[in-house]
Amino acid sequence: MPCILKPVPLWSGKQVFSFCLDKSTEFYRYLPLNRIEISNEAEERQSNLHDFTVLISEGQLLMGTLCKLSMGNASAGILQLIWSEQGERQGAAFLTCVQKIGHLFLA
């Protein structure tokens, strides 16, 4: 169900990303705040600490910002979790879905 219904139905980015996840996907990861990424104190005050925790429950991205660490550049990323727990076919399907969404967004 879209997060905005009127005047036209609109989906959030978290909802769109959740289309790629299987309903059995469960993921929790806290990504520590890297002080190098934040250039000044004003940005640090504006940053939401909840954005550094990625929570996926029952195939729905509930909170967090997806980045290189949470997606798969690390040993405990979403891609590795899907690949090891749900199999290589589901991992390939996840990658295909994410690539299609990225292509549609950029096109």
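Heads up: numbering here begins at 1 and tracks the sequence.
Between I82 and L21 there is a side-chain heavy-atom pair separated by less than 4.5 Å. Side chains of D22 and Q90 form a contact here, defined as non-hydrogen atoms less than 4.5 Å apart.
A distance of 8.0 Å separates CZ of F19 from CD1 of I101, quoted to the nearest 0.5 Å. Between the CE atom in M71 and the CG atom in L79 there is a gap of 7.0 Å [rounded to 0.5 Å]. Rounding to the nearest 0.5 Å gives a distance of 9.5 Å between CE of M63 and NZ of K14. With rounding to the nearest 0.5 angstrom, the CZ atom of F17 is 4.5 Å from the CD1 atom of I78.
Among residues two or more places apart in sequence or in another chain, the disulfide bond (SG atoms under 2.5 Å apart) test is passed with C67 by none. Listed by chain and residue number, nothing satisfies the ring-ring contact (aromatic ring centres under 6.0 Å, His included) test with F27 (two or more places apart in sequence, or in another chain). For Q15, the side chain to side chain contact (heavy atoms under 4.5 Å, CB included) partners are C3, W11, S12, not counting sequence neighbours. Scanning for side chain to side chain donor-acceptor pair (under 3.5 Å) contacts around T25 gives Q86, with sequence neighbours left out.
Side-chain atoms of K100 do not come within 3.5 Å of backbone N or O of L95 as any donor-acceptor pair. A donor-acceptor pair under 3.5 Å links the side-chain atoms of S18 to the main chain of L61, judged by distance alone. In this structure, the side chain of S70 does not engage the main chain of L66 through any donor-acceptor pair within 3.5 Å.
Within the hydrophobic cluster formed by Ile, Leu, Val, Met, Phe, Trp and Tyr side chains joined at under 4.5 Å, directly or through other members, L104 stands alone, with no partner residue. Through direct or indirect side-chain contacts shorter than 4.5 Å among Ile, Leu, Val, Met, Phe, Trp and Tyr, L106 is connected to F105.
The hydrophobic cluster containing I4 also contains V8, counting ILVMFWY residues as joined when their side-chain heavy atoms lie under 4.5 angstrom apart, directly or transitively. In the hydrophobic clustering of this structure, L62 groups with Y28; members are Ile, Leu, Val, Met, Phe, Trp, Tyr whose side-chain heavy atoms approach within less than 4.5 Å, directly or through other members.
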Q60 vs K23, test: side chain to side chain contact (heavy atoms under 4.5 Å, CB included). Steps then yes/no. CA-CA 8 Å; Q60 296 292 315; K23 298 296 180 201; 3.6 Å; yes
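Within 6.0 Å of atom CD in E58, 12 or fewer heavy atoms from other residues, nucleotides or ligands are found, so the atom counts as exposed in its surroundings.
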